[in-house]
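Heads up: the structure comes next, in structure tokens.
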Number of protein chains: 4
Amino acid sequence: MAKPNIIKKAQLIEAAKQCVIENGIESLTFRSLAAKANVSQGTIYHHFQSKERLMIEIIENISEASWEELGSISDSKQFINDALSSALSRQQSNSSFHQLFLSLVVMSLHNKQMKNKISNLIKIENDNLSNILHKLDKDQWIEGISHEHLAILLNSLIDGIAIQSLTVENFPAEEIFESLYKLFSLLINIKGD
Amino acid sequence: MAKPNIIKKAQLIEAAKQCVIENGIESLTFRSLAAKANVSQGTIYHHFQSKERLMIEIIENISEASWEELGSISDSKQFINDALSSALSRQQSNSSFHQLFLSLVVMSLHNKQMKNKISNLIKIENDNLSNILHKLDKDQWIEGISHEHLAILLNSLIDGIAIQSLTVENFPAEEIFESLYKLFSLLINIKGD
Amino acid sequence: MAKPNIIKKAQLIEAAKQCVIENGIESLTFRSLAAKANVSQGTIYHHFQSKERLMIEIIENISEASWEELGSISDSKQFINDALSSALSRQQSNSSFHQLFLSLVVMSLHNKQMKNKISNLIKIENDNLSNILHKLDKDQWIEGISHEHLAILLNSLIDGIAIQSLTVENFPAEEIFESLYKLFSLLINIKGD
Amino acid sequence: MAKPNIIKKAQLIEAAKQCVIENGIESLTFRSLAAKANVSQGTIYHHFQSKERLMIEIIENISEASWEELGSISDSKQFINDALSSALSRQQSNSSFHQLFLSLVVMSLHNKQMKNKISNLIKIENDNLSNILHKLDKDQWIEGISHEHLAILLNSLIDGIAIQSLTVENFPAEEIFESLYKLFSLLINIKGD
DNA sequence: TATGAATGAGAATTCATTCAT
DNA sequence: CATGAATGAATTCTCATTCAT
């Protein structure tokens with residue numbers, strides 16, 4: 001009685017995410033969600049009491065996924081390869097993540113509750129990356145820049161590239177990531193081991 | 001008869017931008033715009049034939065502003081100071097630019113025409129920055145990274161930081177920009193003049 | 001441009017009143033009103049911005065009618081006949097007035113704005129009656145009871161009888177009004193002219 | 001197994017009455033009732049098979065209370081004092097009774113079953129009052145007016161005053177009841193014992 | 001040009017009711 | 001007896017858009 005319900009709610013959230021990715025956040029309506037999830041509109045209101053709640057739960061859902069995503073890496077070069085190539089793949093095959101993320105960011109701009117949740121999500125992601133940098137047993141990657149700040153800069157960079165990748169025609173994502181790779185290699189060598 | 005019209009249109013666009021900034025893109029409606037601009041809904045339809053057109057013209061308006069913003073800088077250190085501090089100020093006092101920009105990006109995600117316009121806007125900004133880098137008479141700022149790519153990376157970084165700045169609670173914008181400054185100083189010294 | 005509009009609005013209010021009388025206030029919906037008035041739902045929202053406003057304007061409409069209804073009577077006996085028989089006719093052929101009135105009273109019970117309007121309406125009706133009593137050139141109809149209080153009591157009585165008349169099966173309205181007539185004749189003779 | 005059920009039902013009815021009094025009949029929903037009574041919506045459907053039944057049972061509940069309220073009074077002056085002061089107190093501290101009563105009256109206007117029940121309720125109250133008048137051993141209180149009719153008039157008056165008291169701002173309830181008291185004293189003395 | 005009344009499609013949300021557990 | 005998930009119809013309300021003036 002309890003579990004099947006939880007599963008159902010997760011399904012609804014998954015469907016909602018699909019709606020946003022496929023048709024844009026502006027057409028995430030209860031009607032379209034109901035259609036996509038093959039339930040009645042009433043059912044959706046039984047699970048989420050408002051559209052605001054629905055969007056908040058989507059963010060929470062993404063945040064949970066981020067929590068569980070904490071990687072384990074030991075070699076710095078490997079890390080950069082992994083991190084960047086994973087970022088790259090996110091950009092391309094999995095660009096939907098950023099579509100969703102950006103949409104939610106924009107919706108949160110004028111909604112305190114959503115903003116809090118987005119804030120948490122970003123903090124988690126910053127922490128994740130920061131932890132990874134810590135694990136790679138360097139005191140400091142770049143002179144005068146803490147792991148925390150570097151993580152923020154890196155995540156910002158990834159999000160910013162996502163914006164261009166999602167919108168700019170013929171955006172040379174691969175080349176950009178190669179340049180980014182070079183940049184980091186350079187930085188690491190300067191004051192690295 | 002021609003001029004007053006153009007002026008009026010510019011006013012409407014300005015009002016529309018204010019609407020988005022103040023209440024979010026989701027509540028940029030013809031009603032609210034009419035109210036803000038103190039004209040009737042019908043009037044807006046005379047100037048913009050649809051909501052899509054309205055949003056496109058907003059992007060065009062921003063793009064034009066970007067065109068005219070091309071700076072003239074000669075000293076690299078000065079440039080970095082200027083660029084970053086201007087970015088910082090944008091983030092803080094003028095964060096509304098990024099609210100607007102991100103909102104339009106998200107709306108464009110599923111609209112080809114808007115996407116083209118956003119694409120152009122970003123290209124212009126990339127070119128702007130690229131030109132500045134060129135002007136500063138260095139062959140290459142960073143080994144193996146073209147001016148164009150560096151410009152893209154920089155703009156991405158600025159947009160990405162904007163996202164965090166707009167959403168993350170107590171985001172340490174100033175500190176982050178200081179770290180960013182250090183990072184760049186470092187890069188420039190490596191293979192600089 | 002102005003006048004036809006006013007007329008239209010009045011028509012909508014009239015239709016709304018009919019809806020309440022025919023099907024009860026609980027089924028005064030925008031849908032049913034639109035159907036009854038042969039306009040689209042949007043049109044109704046163009047004229048009344050909310051259901052609350054619609055109901056308030058109905059009360060205002062009734063109030064205006066009350067204002068204009070001020071009678072001119074000179075002979076007391078005649079007045080009693082007139083007043084009571086008019087009340088009686090209201091009860092029967094025109095019982096719809098009280099259906100509407102009671103419905104609006106109940107809706108106003110938890111709505112400040114409506115309550116204010118109903119309050120005004122009742123005060124107008126009390127004043128109307130009070131003025132009539134004044135005109136009939138008696139210092140006091142009944143010893144120790146001011147015209148104002150007597151008017152309130154009379155109007156209350158009429159409303160109270162309406163309740164019974166509208167709900168009680170086989171309510172002997174005519175007989176009750178005869179008794180009421182006797183009562184008043186009696187009172188008038190006690191301390192009358 | 002039988003009793004606890006009845007008790008529960010009584011509690012639900014009491015909760016329903018509270019809902020109406022606190023938020024108005026239009027927001028007496030199964031949801032809000034379930035919330036107020038701290039049970040599930042389903043539970044309410046076990047006790048009342050429909051909303052109509054619920055409202056009918058509320059009226060029945062009030063009617064039963066009226067049945068049991070039959071007073072025993074012997075002195076006429078005392079009666080008037082009692083009756084009116086009790087009416088007055090109802091008006092003020094216990095005005096909720098009339099809120100509930102009027103709400104149910106209005107809902108019954110277009111529902112035969114409810115109307116029947118309300119009709120019964122009113123008849124009971126009329127009879128109650130009529131009996132009291134009988135008990136006070138007068139042939140007739142007022143010449144030519146039967147006890148029954150006088151009871152109807154009195155109850156109507158009380159209901160009508162309730163309407164004004166519930167809606168009119170700064171309604172001078174106490175003064176009105178004083179005037180009413182004078183009126184009745186007068187009537188009784190005319191053709192009294 | 002400018003207005004604002006009118007519209008119909010569709011938005012979010014609520015409701016009474018059913019039913020499997 | 002009690003629960004609460006599910007439903008679909010209906011409700012209030014908004015929107016972009018049209019059009020006569």
Side-chain angles (χ1 to χ4, degrees), chain A residues 1-2 4-9 12 26-34 37-54, chain B residues 1-2 4-5 8-9 26-34 37-54, chain C residues 1-2 4-9 12 26-34 37-54, chain D residues 1-2 4-5 8-9 12 26-34 37-55:
Chain A
M1 224 188 212
N5 205 13
I6 289 166
I7 287 167
K8 191 71 161 232
K9 197 164 187 178
L12 292 179
E26 72 276 19
S27 55
L28 170 60
T29 68
F30 278 90
R31 195 203 262 241
S32 66
L33 175 52
N38 253 321
V39 295
S40 72
Q41 285 196 48
T43 300
I44 294 169
Y45 272 87
H46 187 67
H47 289 282
F48 314 94
Q49 286 73 28
S50 72
K51 196 175 179 184
E52 192 189 21
R53 276 301 310 159
L54 170 62
Chain B
M1 263 232 175
N5 212 358
K8 187 72 160 243
K9 196 164 188 176
E26 72 276 20
S27 53
L28 170 61
T29 68
F30 279 87
R31 241 226 269 190
S32 66
L33 175 52
N38 255 321
V39 296
S40 73
Q41 284 197 48
T43 301
I44 295 170
Y45 269 85
H46 273 280
H47 289 281
F48 314 95
Q49 287 70 29
S50 72
K51 194 174 181 186
E52 196 189 16
R53 279 300 310 159
L54 169 62
Chain C
M1 224 189 217
N5 204 14
I6 288 165
I7 287 168
K8 191 70 163 233
K9 196 163 187 178
L12 291 179
E26 73 276 19
S27 54
L28 170 61
T29 68
F30 279 88
R31 194 204 264 239
S32 66
L33 175 52
N38 254 321
V39 294
S40 73
Q41 286 194 45
T43 300
I44 295 168
Y45 273 87
H46 186 68
H47 288 283
F48 314 95
Q49 286 73 26
S50 71
K51 196 176 179 183
E52 194 190 15
R53 277 301 310 160
L54 170 62
Chain D
M1 260 224 177
N5 212 358
K8 186 72 159 241
K9 197 164 187 175
L12 292 180
E26 72 277 20
S27 55
L28 170 62
T29 69
F30 278 87
R31 240 226 269 193
S32 66
L33 176 51
N38 255 321
V39 295
S40 71
Q41 283 197 50
T43 301
I44 294 170
Y45 270 85
H46 273 280
H47 291 282
F48 314 95
Q49 287 71 29
S50 73
K51 194 173 180 184
E52 195 189 16
R53 279 300 310 158
L54 170 63
M55 292 202 290

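Just so we're on the same page: letters track the sequence lines, and every chain starts at 1. Predicted model only: the values in this text are computed from it and were never measured.
- Nucleotides of DNA chain F nearest to Thr29(C) and Val39(A) differ in position, and the one nearer the 5' end is that of Val39(A).
- Residue Tyr45(A) has its side chain nearest to dA12(E) when only dA12(E), dG10(E), dA10(F) are considered.
- To the nearest 0.5 angstrom, Lys51(C) atom NZ is 10.0 Å from Leu33(C) atom CG.
- For the OP1/OP2 pair of dA6(F) and a distance below 4.0 Å, the side-chain nitrogens and oxygens of Thr43(A) include no atom meeting the criterion.
- Across all strands shown, dT3(F) is found opposite dA20(E) as a Watson-Crick or G-U wobble partner, with both distances under 3.5 Å.
- Picking from dT13(E), dC13(F), dA16(F) the nucleotide with the shortest atom distance to the side chain of Lys51(B) gives dA16(F).
- Nearest-nucleotide positions on DNA chain E for Ile44(C) and Gln41(A) put Ile44(C) closer to the 5' end.
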Review point. Where do Phe48(A) and Phe30(A) land on the ring-ring contact (aromatic ring centres under 6.0 Å, His included) test, with the steps shown first?
Key: CA-CA 10 Å; Phe48(A) 314 94; Phe30(A) 278 90; 7.9 Å; no
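- Crowding of Arg53(D) atom CZ: a count of heavy atoms from other residues, nucleotides or ligands under 6.0 Å exceeding 12.
- Between dA2(F), dA16(E), dG4(E), one nucleotide has an atom nearer to the side chain of His46(D) than all others, and that is dA2(F).
- Nucleic acid contact class of Leu28(A) (heavy atoms, under 4.0 Å, all strands): sugar-phosphate only.
- If you take NZ on Lys9(B) and CG on Leu54(B), they are separated by 10.0 Å, rounding to the nearest 0.5 Å.
- Rounded to whole Å, the distance from CD on Glu26(D) to P on dC15(E) is 11 Å.
- Each of Asn38(C) and Gly42(A) was assigned the nucleotide of DNA chain E with the nearest heavy atom; the assignment lying further toward the 5' end belongs to Asn38(C).
- Proximity of His47(C) to the phosphate of dA6(E): a side-chain N or O atom is located under 4.0 Å from OP1 or OP2.
- Gln49(C) contributes no side-chain N or O that forms a donor-acceptor pair with the base of dC13(F) under 3.5 Å.
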